[in-house]
Amino acid sequence: MALSPLNRRRWHNFKANRRAFWSLWIFSILFGLSLFAEFLAYDKPIIVQYRGGIYTPIWNFYPETEFGGDFQTEAVYRDPEVRCLITTGGLDLCFDDPEGYIEDAADGVIDGETIQKGWMLWPLIPYSFDTAVDRPGAAPLPPNGENWLGTDDTKRDVLARVIHGFRLSILFTLIVTAASTVVGIAAGAVQGYFGGWLDLIFQRIIEIWSSTPSLYIIIIMFAILGRGFWLLVFLLVLFSWTALVGVVRAEFLRARNLEYVRAAKALGVGNLTIMFRHMLPNAMVATLTMLPFIVTGTIGTLASLDFLGFGLPSSAPSLGELTLQAKENLQAPWLAFTAFFTFALMLSLLVFIFEGVRDAFDPRKTFS
């Protein structure tokens, strides 16, 4: 689909802003990789080949009996006996000396018997965000060749938690920002376009609502209803949409008496068409100026709630909880450095991207 001349100019302006353009590329790559976090950091193999069959544990449930074991529960693929069963094609002797037979299976013959060798394709990091690392020593453990960013105070791999936590934070932020933007633009457009008593009453309601201590309300609601992803999304949208109302309302108040709006009304064009097809594009620059604040504010609020222990469920991969661990384990500086650089990189890239989008929509700015 070909772009219109206006959109081509906007895209040209965005590309000309090198900082925003390269930030978009870097963020897209990082976010795209995080969407496939299970292929990068997970405690199950991506593919298992056993007795000529192909299995995909990353998506499907397979009991241990599927690979010659004794239990109907899901196979623990990191267990030496399960690894031996898969590697040797279900050899019964695996229960006696699994590690020894895994090494012997490399030759394809054990005790004079030819075996059907199997294999497992593991993710780059063989740990999920909630997998306990089997390493000697007191947690948190420092980085090494197995755990590149070390472990936290419950021996969970930090890099795996960062990958899964980055995806969760970005998806959460995008959902809250999109919903808040839609509600805020609609409210501001209605206020500015119609004005009068509607605008006056709406402004008083917003003033009261904006003065409500949102953080305390969220903590109270979580104490009553329990912590949950969608509940937190709903509560943050309730308190985030007012950020856009002021700028959108001001733009609509300014434009409502311009000649093109009065001409459209005289021609019988509907109010919704005038508001969202003709007036809203002129208010987009002011709207986009506020989006970086909503995005960074949402990430900061999520991290703050997780830091205080009132955010996402404890089972979720949380970057805010990693920050709390860094505070409580000053003898493990890798936790603090990881949390700091993760937040710094994520917030910087998002701010640079939205700055470029804002400038691209500004008709007064052109880039060579």
Side-chain angles (χ1 to χ4, degrees), residues 1-17 20 24 173-212 233-234 236-298 350 353-367:
M1 182 178 177
L3 294 175
S4 65
L6 177 60
N7 288 328
R8 281 200 301 268
R9 182 191 66 80
R10 289 170 175 169
W11 175 241
H12 173 74
N13 286 347
F14 182 82
K15 288 198 301 181
N17 188 332
L24 177 63
T173 302
L174 292 178
I175 294 171
V176 172
T177 302
S180 301
T181 301
V182 171
V183 177
I185 288 177
V190 170
Q191 279 188 250
Y193 182 78
F194 293 103
W197 281 103
L198 177 64
D199 181 36
L200 185 64
I201 296 173
F202 219 136
Q203 277 298 102
R204 302 294 80 76
I205 295 174
I206 290 177
E207 289 171 2
I208 296 172
W209 189 250
S210 300
S211 63
T212 305
V233 167
F234 174 73
L236 282 183
V237 170
L238 281 182
F239 294 104
S240 300
W241 64 273
T242 56
L244 284 174
V245 173
V247 292
V248 176
R249 169 181 172 270
E251 290 295 321
F252 272 71
L253 283 173
R254 181 184 63 85
R256 61 186 294 209
N257 292 319
L258 295 181
E259 292 184 359
Y260 75 93
V261 175
R262 297 166 67 180
K265 289 181 179 179
L267 292 172
V269 180
N271 290 329
L272 290 178
T273 302
I274 295 174
M275 291 166 60
F276 295 104
R277 179 177 295 181
H278 301 294
M279 298 178 68
L280 181 59
N282 294 322
M284 284 303 295
V285 176
T287 303
L288 292 171
T289 301
M290 295 299 299
L291 285 184
F293 298 100
I294 296 178
V295 170
T296 55
T298 301
L350 288 171
I353 291 170
F354 278 109
E355 282 183 352
V357 173
R358 178 200 63 193
D359 292 342
F361 276 80
D362 191 346
R364 296 168 298 180
K365 290 192 176 182
T366 57
F367 297 89

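Distance alone, capped at 3.5 Å, places no donor-acceptor pair between the Ser180 side chain and the Thr177 backbone.
Of all non-hydrogen atoms in Asp199 and Gln191, the two that sit nearest each other are OD1-NE2, 2.8 Å. Counting all heavy atoms, side chain and backbone alike, Leu238 lies closest to Trp209 at O-NE1, 2.7 Å. Contact record, Val237 with Ala179: CG2-CB, 3.7 Å, taken as the closest heavy-atom pair. Taking all atoms of both residues into account, the shortest heavy-atom contact from Val245 to Ala187 is CG2-CB, 4.0 Å. Residues Arg256 and Val261 come closest through the heavy atom pair O-CG1, 3.4 Å. Listed here is the closest heavy atom pair of Phe202 and Trp241: CE2-CH2, 4.1 Å.
Rounding to the nearest 0.5 angstrom, the gap separating the CD1 atom in Ile206 from the CD1 atom in Ile201 is 12.5 Å. For the atom pair CG (Leu244) and CZ (Arg249), the distance works out to 14.5 Å, reported to the nearest 0.5 Å. Between the CG atom in Asn271 and the CZ atom in Phe276 there is a gap of 10.5 Å [rounded to 0.5 Å]. For the atom pair Ile294 CD1 and Leu350 CG, the distance stands at 13.0 Å (nearest 0.5 Å). To the nearest 0.5 angstrom, Ile353 atom CD1 is 6.5 Å from Phe14 atom CZ. Note that CG of Leu280 is 13.5 Å distant from CD1 of Ile274, once rounded to the nearest 0.5 Å.
At most 12 non-hydrogen atoms from other residues, nucleotides or ligands lie less than 6.0 angstrom from CD of Glu259. For CZ of Phe234, the number of neighbouring non-hydrogen atoms (other residues, nucleotides, ligands) closer than 6.0 Å is 12 at most. Summarising the local packing, OH of Tyr260 is surrounded by more than 12 heavy atoms from other residues, nucleotides or ligands at distances under 6.0 Å.
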Residue pair His278, Thr273: steps toward the side-chain contact (heavy atoms from CB on, under 4.5 Å) verdict: CA-CA 7 Å; His278 301 294; Thr273 302; 4.2 Å; yes

Stepwise side-chain contact (heavy atoms from CB on, under 4.5 Å) test for Thr181 and Met290: CA-CA 10 Å; Thr181 301; Met290 295 299 299; over 6 Å; no

Given the rule in the salt bridge (Lys or Arg N to Asp or Glu O under 4.0 Å) test, do Arg358 and Glu355 qualify, once you have shown the distances and angles that lead to the verdict? CA-CA 5 Å; Arg358 178 200 63 193; Glu355 282 183 352; 5.1 Å; no

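With respect to Thr173, the side-chain contact (heavy atoms from CB on, under 4.5 Å) criterion is satisfied by exactly one of Thr296, Val295, Leu236: Val295.
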